[in-house]
Engineer: 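What follows is a single structure, and I will ask about it in a moment.
Labels below follow one simple rule: chain letters A, B, ... track the order of the sequence lines, proteins then strands, and each chain is numbered from 1.
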Amino acid sequence: MKKEARGTSWQSCAKKNAVACTVYHIWTARNRRLFEGTVVTSDGIIREIKTQLITPIIKPSILIPKPTKFPDNQTTFIPFSQLQQIKHLESQLISTLQDCKNLAQIKQTHAYIIRKCLHQSSYIISKLIRMLAKINVPMLSYGISVFSQVRYPNAFLYTALIRGYLNDGRLNESVVVYNSMRNDGTPPVSFTYTALLKGSASEMNVNLGRQLHGESVKLGGFSVDLFVGNVLIDMYIKCGCLDCGRRVFDEMPERDIISWTSLIDAYAKAGEMGSASELFGELPEKDMVAWTAMVTGFVQNSKPREALEYFERMQNGGVQADEVTLVGVINACAQLGAAKYAHWVRDVAENSGFRPANDVHVGSALIDMYSKCGCVDDAYNVFESMHENNVYSYSSMIIGLAIHGRASSAIELFEEMVKTDVRPNSVTFIGVLTACSHAGLVEQGKHFFEIMESSYGVNPHVDHYNCMVDLLGRTGRLDEALDLIKSMPMEPNAGIWGALLGACRKYANPDIAEIAARNLFKLETANIGNYILLADVYAKAERWEDVMKVRKMIRKKALRKSPAFSWVEGEKGVIHEFYAGDITHPRSREITEALENLVNRLKINGYQPNLSSVVYDVSDEEKRRMLMNHSERLALAYALLTTDDGSAIRIVKNLRICEDCHLFMCGASQVTGREIIVRDNMRFHHFRDGSCSCCNFW
DNA sequence: TTAGGGTTAG
């Protein structure tokens, strides 16, 4: 048998070897390997190729029209000695194709390809179809007709068509092509599976994914392919079958850092930080992305201290951080809410060469962090310094201003934003409505609520209704708030009824409170805060029997009150934590003295404790004692003892600040001349010269 | 040609 191919001819290929000519490669005896190239025919060698790459032609499916007649008048005889020239021409045409910017240019190049008689080359045509996808030309008739003109498509060409359809989001059609390919007897390649698996993942079609998984194993042993394995892990993760992804991972004969990181990140996103850490510990070589997945994972699971700990380990290990890592670290600091960390991370970012001005992700994260740390002016400085702003940076800034009670600035910024190309989204309106709500701007709030859909096409969600109920409720429009809830197009959630109940406490309205509570208890049976709110409403109305009934319900359900605590930065930026009535602090005696001293100064200034903040039926003297031990006051006294006179005092509280403490802080800011910033679980309060930035709407 | 980590609210 002759071992050398002598020449190649399109004509002879078409006529003599119709059955064998899906050949994409040419066998040469000289180096005993398959060359990428064009179709070849030659008596001796063809039989040998046949045995390897035989592909019977079966009638293509409806999606792939039957190939047209071979153009006899354009056949050319190409001697084997010129094969290198053909290959050269092919690569030239491919680079021409890659430079195409639009459909017209592709069509022009295609005409040239036909003139050069290379339109039967699967290599070139698959590139052409890929280019259609790249320049965002949907897989219309052109791509299909180009495909159908190739008489003997190979696996790469079929895969290009599959990817073209997937690029259009047409998963079903791509599966039809895959089935035709199978019917034609063309063995799929690993790209075929990676493409289809990605398509299944983006449509969360796990059944298709499973079928493809099975076939990939059966047909080509692709289970050992690293790429297919990784895409399989990804597909199962995206479809929510983390265990299946893990099984693929465990069975993979070879894994790389991508296999590991995909799974680590999936565990983190599923809230399984234990599994994520375990896997991360086993990862032999940890790179920047893997470390970042851990840092971000802890942040996503509200574990900022662990996130910072991993970041420190990453730095100690000499692994460079990039802007993605920094966004994670910045978010960790935002969760901690401590100004000390905020300034530290800003330095870290700038030392790593990421100036917020140049990176909108880092900038937006910094704005959010500074706002949450009580430094709204710093947040605004970052915002102003940014070269580019998007909906995230604008929304973060608007929300920042809103939670700090700067409603007019928030609204001004919104007005400025809508003059640019940046379109507000659902979150932007949460910010704008929150601003109105925290400042009691009823008419403006109603206006924004109306125009969000009519002018900006943003449908109000339940959260926007929540803001509106909050706004109406805070300003005492309880009936109007209840009417709005009744008119909602969706079911009100616990947040809505909770906002109404909170407003009922402020305005001592037990009738509406009972309606709110009835609905709220159905939705959140075990949230003790709701029962306490209702008890507060009854206490304000001095309906002590009803208070007792609520307390009984709490006992019956065995609900435990979550302890109130506050923390504050003391000497050298060390954070100190105080519980209500806490006497465990080493300087407890001094703290009590400082507090008594402060109360006396406040009393001279006219401070009268608001005893209705205590919802227990006890003597007034006992109420006074209970109020005096609230955790934020202990924190304040400690800060007064240990920090410089000129500096602001920043207190973070886990629950909502009570009315009497609010009054107390107003007075304290006046008699001490200090700025006091309290972050409660709702918002920030800036106390300065006897008044609060919230204007008593909170 | 195919693969891993990120920004606003709740």
Engineer: Report yes if a donor N or O on one partner sits less than 3.5 Å from an acceptor N or O on the other, where the partners are the side chain of A:Asp256 and the base of B:dG4; otherwise report no.
Structural biologist: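 No, no donor-acceptor pair under 3.5 Å.
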Engineer: Does A:Tyr392 lie flat on the base of B:dT8, that is, centres under 5.5 Å apart and planes under 30° off?
Structural biologist: no
Engineer: Nearest of B:dG10, B:dT1, B:dG5 to any side-chain atom of A:Phe156?
Structural biologist: B:dT1
Engineer: Counting only distance, no hydrogens or angles, is the base of B:dG4 paired donor-acceptor with the side chain of A:Thr261 under 3.5 Å?
Structural biologist: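 Checked by distance alone, the answer is yes.
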Engineer: Write down the distance between CZ (A:Arg683) and P (B:dG10), rounded to a whole number of angstrom.
Structural biologist: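 Whole-Å distance recorded here is 13 Å.
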Engineer: Please state whether the phosphate of B:dT1, meaning OP1 or OP2, lies under 4.0 angstrom from any side-chain nitrogen or oxygen of A:Lys198.
Structural biologist: no
Engineer: Quick check: A:Phe429 with A:Phe449 (ring centres under 6.0 Å apart)?
Structural biologist: no
Engineer: From the set B:dG6, B:dA3, B:dT8, return the single nucleotide nearest to any side-chain atom of A:Asp359.
Structural biologist: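 Selected nucleotide (nearest to the side chain): B:dG6.
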Engineer: Can a donor-acceptor pair under 3.5 Å be found between the side-chain atoms of A:Asp287 and the base atoms of B:dG4?
Structural biologist: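 Between B:dG4 and A:Asp287, which were checked side chain against base, a qualifying N/O pair under 3.5 Å is present.
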Engineer: Measure CD1/A:Ile430 against P/B:dT8 and give the value in whole Å, please.
Structural biologist: 14 Å
Engineer: So does A:Gln98 get a side-chain nitrogen or oxygen closer than 4.0 Å to the phosphate oxygens (OP1/OP2) of B:dT1?
Structural biologist: no
Engineer: Please evaluate the base of B:dT1 for a donor-acceptor partner in the side chain of A:Arg163 within a cut-off of under 3.5 Å?
Structural biologist: yes
Engineer: Do A:Ser396 and B:dT8 share a donor-acceptor pair, side chain to base, under 3.5 Å?
Structural biologist: no
Engineer: If I take atom CH2 in residue A:Trp260 and atom P in nucleotide B:dG5, what distance separates them, rounded to the nearest angstrom?
Structural biologist: 17 Å
Engineer: Is the distance from the ring center of A:Phe414 to that of A:Tyr394 below 6.0 Å?
Structural biologist: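 Centroid separation for A:Phe414 and A:Tyr394: 6.0 Å or greater.
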Engineer: With A:Asn230, which of A:Asp256, A:Thr194, A:Thr261 fulfils side chain to side chain donor-acceptor pair (under 3.5 Å)?
Structural biologist: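 Between A:Asn230 and the candidates, side chain to side chain donor-acceptor pair (under 3.5 Å) is satisfied uniquely by A:Asp256.
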Engineer: Remember a base hit wins even if backbone is also touched, and classify A:Met288 as base, sugar-phosphate or nothing at under 4.0 Å, heavy atoms.
Structural biologist: base
Engineer: I need the CD-P distance between A:Glu285 and B:dG4, as an integer number of Å.
Structural biologist: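 Rounded to whole Å, this separation is 21 Å.
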Engineer: Using OP1 and OP2 only, check whether a side-chain N or O of A:Lys372 sits under 4.0 Å from B:dT7.
Structural biologist: no
Engineer: Would the distance check show the side chain of A:Asp378 and the main-chain N or O of A:Asn381 forming a donor-acceptor pair, the cut-off being under 3.5 Å?
Structural biologist: no
Engineer: Strictly under 6.0 Å, is that where the ring centroids of A:Trp260 and A:Phe280 end up?
Structural biologist: no
Engineer: Regarding A:Val360, tell me which of base, sugar-phosphate or nothing describes its non-hydrogen contacts under 4.0 Å with the strands shown.
Structural biologist: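 Since a base atom lies under 4.0 Å of A:Val360, the category is base.
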